[in-house]
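Data block below; observations after.
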Amino acid sequence: MKKLLATLLILPLFLTSCLGNDEPVESTTTLKYLGNNHIYSSEETILKNAEYTLDMNFTAMTTTLTINSAYTSNGEPVTIRLKDIKMEFSQDKGYTFQVAEMVPEVSDGNAEDYAVSNLNARIYPYYKSDDQVGMKQIIIMEISYRLGHKYQVFACNPSPEFPNTSTTTYGDGAPYETTKTTYSVKFDKDNKHAAITIQNAQFAETMPMQTMELKNVPVTVTQTGYTLATDKVIPEINGVPFEQFAITDLAMYVGSNGMQMNIGFKCQPMGKSYQVNGQGSAYPDIQDSNKIAL
Amino acid sequence: MKKTITIISLSALSAFLPAELSAKNPAADKGNEYGDSIVNLKEIAITATKSTSDQEKEAVSVSSLSRQTVERMNIVTAKGAAAVVPNLYIPDYGSRITSTIYVRGIGARIDQPAVGMNIDNVPIMNKDNYDFDILDIAAIDITRGPQSTLYGRNTMGGMIDIRTLSPLSYSGTRLLAEYGNANRVKAGVSHYARPTSKFGVGASLYYSRSDGFFENAYNGADCGKEDGGRASLKLAWKPNENFIVENMASFSAVRQSGYAYEFIETGQISYNDTCYYRRNSILDGLTMKWNHDNFSLTSVTSYQYIDDDMTLDQDFLPVSYFTLSQLKKEHAVTQDLVLKSSVNDRLNWLAGISGFYRHLSMDAPVTFKEYGIEQLITKNWNANNSKYPMRWDEDQFVLGSRFKMPSYGLSAYGEVSYQLDRFTFIGGVRFDFESVTLNYNSDCSTSYTIYQQQPDGSERPFRRDPVEIHNTGHLRRSFKEVLPKVSVVYNLPLQEPANLYLTVAKGYKAGGFNTQMFSDVLQQQLMSDMGIGQRYDVDKVIGYNPEKSWNYEIGGKFSLADGRLSTSFAAFYIDCRDQQLTVFPDGDVTGRIMTNAGKTRSTGAELSVTYYPVNGLVLNAGYGYTNAKFVEFNNGKQDYSGKFVPYAPQNTIFAGANYSFRVKNDFLRYISVGASGHGVGKIYWNENNTRQQNLYFLLDANVRFSGEHYSLDLWTKNATDTQYNTFYFVSIQHEFLQRGKPAQFGATLRITI
């Protein structure tokens, strides 16, 4: 999933070309994303900074994809461009496009070495309630591909969000379930640590919802995604540490191109012991009426 | 022509005729023989403005109270009449701001009413203004079942139609003086005159007061103390037989202290902060009617203004949680035009258009006080974080909310009735549109400080957090409805009037915005900003959708034994969708969410009987049964399907007897003795049916001494001092009950000159 930075989002339909009364009017938009690439090869599995640019033409239903990233630990970033890729749109999936195999334009080196194959992309925009502006548009971008027949790559959001997950708390009595909790992750600049924010955390019916932040959790990059795990972390609520809510045995697994998440941890507030398990998707569960098109 | 005029007069607006002049049945004549000493629930036969047939022939359940009955039962408000009407429940709430009316399981506690109220043909737009004393009530008609086709919004349970004396049909001076326990005083004077044959004027002044029946245990103050009054002026002009104009203007004021809410845990009424309710209201209605040979055209225009101030100790406990103030000003104008055919043996019709505009301004601040801050905000934080305790920087702070809510509505309606032999077929439809807008402005400026505990046990400030909430918003909803009705009336081949009827009609209660929840919205936002609590979606929490119902009713009206015995009965089934329910949200909050429940269904039956076995004696009885349950209602935390709808009584019972006899004395001419009992219950107070009021009975009695120009009533209500509750609610997870009034007694003197 790629979550576009708000400052670079250009969301509504608008006309970018108007060449006089006789020229056809085209509807286009440009989306930019700054994040990470998850890169797996036989030699290493790493996260590298990446910049994705999509020039989308809604009239022709094509897009041009530009990727700037390094693909090895010590390599230099290179820009590759895939032009005029056919797009499709559906209410369920948003905008999707695929590339079976294509040799891109490259900024440096032999283009054949950067041949792209098995590229699958999905751009999914939706509205989300926001306390500041009322409703905020969010665009999920999921892109995975094979590069140079060597690297398996997917775009990895440095601040993914998993809204409305299913969370079950096991403690005294019957398990407590809620689907109102949102988990989000924010990577540090070095991608070695991240903070997990649990919004609307509620582990019992009588517990008021709280927003907890778990800071400085170590990140381990795995073949299919990454893991955030630690033996113990003190949550902060509104920037204040709550030692009585210490969380232990924390493990969050993110996979499936960064789209799916599983989390588990223990919490012992007020002398009681709880085991919390959650799972969710980056794709929200929303009604059709909330879906929008770019 | 003369006959036509007479017929029209009988079917015209009731304001143009007094009840006693239009009584048509022999029983009423017998009643009149004994003057004001007769109890008669069915003297009146006035056809309402919006009907294509005589009231007796209408396919609807209606209870009618004559002036004599109203005076004998000491009725000055609609809720006073509820005791004798099957399946109608208007509890004495203790506050004049709320009229909780339930009919056949359909009702409302806040916001939109389920039952409409007309006073001299003027529809009262705001339910907060339903409860005030009215002098010189000429008649009250209470119709049960949806009246939405002809009367539109907020009449899905029925209509209460109150008519006062008209100067064109009554002349004289009337004086009222009453005294009862709890220092209850009522005093009134009215004068009706016809300076010319074409012009009449009536004016009245009324005052009432009471110390209330309960005491606030915290400070010993009277609870439910009240002062109020009303002034009215009625002008009527009838320049010729075909045109009549009447204007009714009134001003009323009420000042109430305290609310007699008993905390269930302690059984006490005890709270420390100020509670009061003050209201001024103005009502002006202009009715004009023009009669043509073949039709009549009636216009009813009204202006309504209400200005009230409610301040509550919102926790109703002797601790300082918070207080709420609600200052409201509302202007409303209504216009109704009704074109109606002259009464015809076969085909009758009416058509109308109506509209309204309301503008409500409200200021509703909630003041959080020291104990409330600690219990609702900081306590939870400090219990879970002793190393970083929180302290509020002030003893109290205000969550301010201001609203402006303009709304308007337009509708067109019509009804046709066609008589074929013994059958009368009636069909009607209404097209209704309404739009309501809410502009809100909420703010809160306060702060708290988080401290850090030091190793030596001392505390030093860790961080000071200001709280600045400034929200403005604009919400709008509009509603469109088509409201049909079909009825069939069959006139039985009996010597005396008797009919059976079947009615199918759609009912409708408008949607809107419940501003009571705004303080809770702000409270949750404040706590969410602190990291604890969840923000509410304003539109989802504040807004609610219309309530709709399909009503199926069969019934009949019979008159037997030369009119000595009259009875009416009905059985009904109501299928209600998106019923508007008042629920108390989770957590330590005080507001009430108006939510739309999935489905409810209500079924039941009613019976009313009036019997004059011998001259001077009248017996009457009424019974209503309602079984109202949720068919589907799951609020996300609990499934209430199969539970009884709260606040709707399952049984309403009335039985009364009155005997009058002539006294051979020039000064004292009649003595009348009467007694009546009415019962209500079981009433469930909440959706999960864990709290209830069982069936209870109240006994009333009165003795009347009357002469040519006076009457003196000695009366008692709830003579056995039955203890019961009329209301229940929850505030910050505390449960409260409103006690019913204890035994009351008094004397009422009426003089007519």
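Just so you know, these numbers use all the heavy atoms, side chains as well, and skip hydrogens, waters and symmetry mates. Within every chain, numbering begins at 1; the chains are lettered A, B, ... in the order of the sequence lines, protein sequences first and strands thereafter. Everything numeric in this text was worked out from a predicted model, so none of it was measured.
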**Q.** Rounded distance (nearest 0.5 Å) linking atom CE of M527(B) with atom CE of M209(A)
**A.** 12.5 Å
Q) Do N385(B) and F245(A) touch side chain to side chain, with heavy atoms closer than 4.5 Å? A) no
(Q) Distance check, rounded to the nearest 0.5 Å: Y388(B) atom OH versus Q244(A) atom CD? (A) 12.0 Å
Q: Evaluate whether atom CG of D231(A) has more than 12 neighbouring non-hydrogen atoms of other residues, nucleotides or ligands under 6.0 angstrom away.
A: no
Q: Identify, with sequence neighbours excluded, every residue that meets salt bridge (Lys or Arg N to Asp or Glu O under 4.0 Å) alongside K369(B).
A: D273(B)
Q. In residues 452-468 of chain B, which residues are in contact with chain A at a heavy-atom separation under 4.5 Å?
A. F462(B), R463(B), D465(B)
**Q.** CG on N238(A) to OH on Y448(B), rounded to 0.5 Å
**A.** 4.5 Å
Q) Would the number of heavy atoms belonging to other residues, nucleotides or ligands and lying under 6.0 Å from CD of E394(B) be above 12? A) yes
